[in-house]
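Accompanying notes for the structure given below.
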Amino acid sequence: MDLAVDPRAVESLLAFWADAGVEASYADDPIDRLAEGAAMLRARREPTPPPVAAPVITPAFGRPDLGATVAEAKALAAACADLPALAAAIAAFDGCPLKTQGARQAVVSRGPADAPLMVIGEAPGADEDAQGAPFVGRAGQLLDRMLKAAGVLDRTFVTNTVFWRPPGNRTPTPQEQAVCAPFLERAIQLVQPKILLLVGGASAKSMLRREEGILSLRGRWFEWTSSDGQIELPALPTLHPAFLLRKPDAKKKAWTDMLMLSERLDRPERPH
Ligand code: URA
């Protein structure tokens with residue numbers, strides 16, 4: 001039997017799978033993501049280790065201790081003095097499995113580095129993966145229109161809970177969010193926003209460490225606290241614009257959230 005592989009046959013098969021929406025291959029054995037997620041949440045509660053001089057980057061797969069990956073992310077993030085350094089550290093980080101599941105590049109942020117409002121979405125999609133900036137597709141355009149109508153667009157920094165596109169636009173796992181969280185937290189430290197807008201259930205649940213769905217969380221103020229307890233910020237969960245594109249009736253609720261947001265952002269700060 002001739003075992004030589006015809007490259008054209010392989011290309012044709014891959015194109016067939018890509019057309020069918022299959023964008024990544026998985027291991028043969030099932031992975032217990034819930035157990036991994038619980039381990040990650042435990043690791044996130046552990047105190048930040050002191051910054052190390054030259055952090056060692058190891059491959060994402062086959063890591064026996066996922067907590068070590070979070071510790072590595074914390075050390076790398078802590079060593080970043082500004083946003084360009086943070087973006088470079090994220091791009092070089094090999095600890096998030098999403099990086100090797102078909103994403104073209106790291107998608108980090110857009111917007112002014114001293115913005116008083118930080119929008120935190122779920123994960124980059126196909127347009128963001130292609131262009132290298134968050135919320136630039138249809139959902140992002142709707143988000144921008146809403147922020148503009150609320151008078152806050154030019155004061156907004158935009159990022160996500162994870163920095164690589166999950167295959168097939170699936171929801172990022174708690175494990176993936178946990179290994180990216182130290183970088184996100186460092187972005188919050190550097191930008192020093194007054195308010196966080198948590199867009200969609202995957203963002204709100206991860207940032208607030210709550211289990212309720214977005215329809216129950218949205219439109220209420222919560223307090224976000226950094227893992228070292230040093231930063232506390234008001235955080236408002238709201239509906240994801242991709243959901244609003246599918247269910248335009250829900251736009252009224254999202255608009256109520258935008259008004260709450262702009263009112264608080266424009267509220268004069270009380271003298272200390
Ligand atoms: N959806 C998100 O949550 N984030 C993006 O950047 C794009 C779409």
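These figures come from a predicted structure and were not determined experimentally. Both counts, for ligands and for their atoms, begin at 1 and track the order of listing.
For Ala115, the side-chain contact (heavy atoms from CB on, under 4.5 Å) partners are Pro112, Phe157, not counting sequence neighbours.
With values rounded to the nearest 0.5 angstrom, Gln105 atom CD is found 12.0 Å from Arg165 atom CZ.
Using a 4.5 Å cut-off on side-chain heavy atoms (C-beta onward), Gln175 and Pro97 make contact.
Around ligand 1 you find Gly121, Glu122, Ala123, Pro124, Glu128, Pro134, Phe135, Asn160, His240, each with a heavy-atom distance below 4.0 Å.
Screening Leu197, Leu147, Leu261 against Thr156 for a side chain to side chain contact (heavy atoms under 4.5 Å, CB included) leaves a single residue, Leu147.
Within 6.0 Å of CZ on Arg267 lie more than 12 heavy atoms contributed by other residues, nucleotides or ligands. Other residues, nucleotides and ligands place no more than 12 heavy atoms under 6.0 Å from the CZ atom of Arg138.
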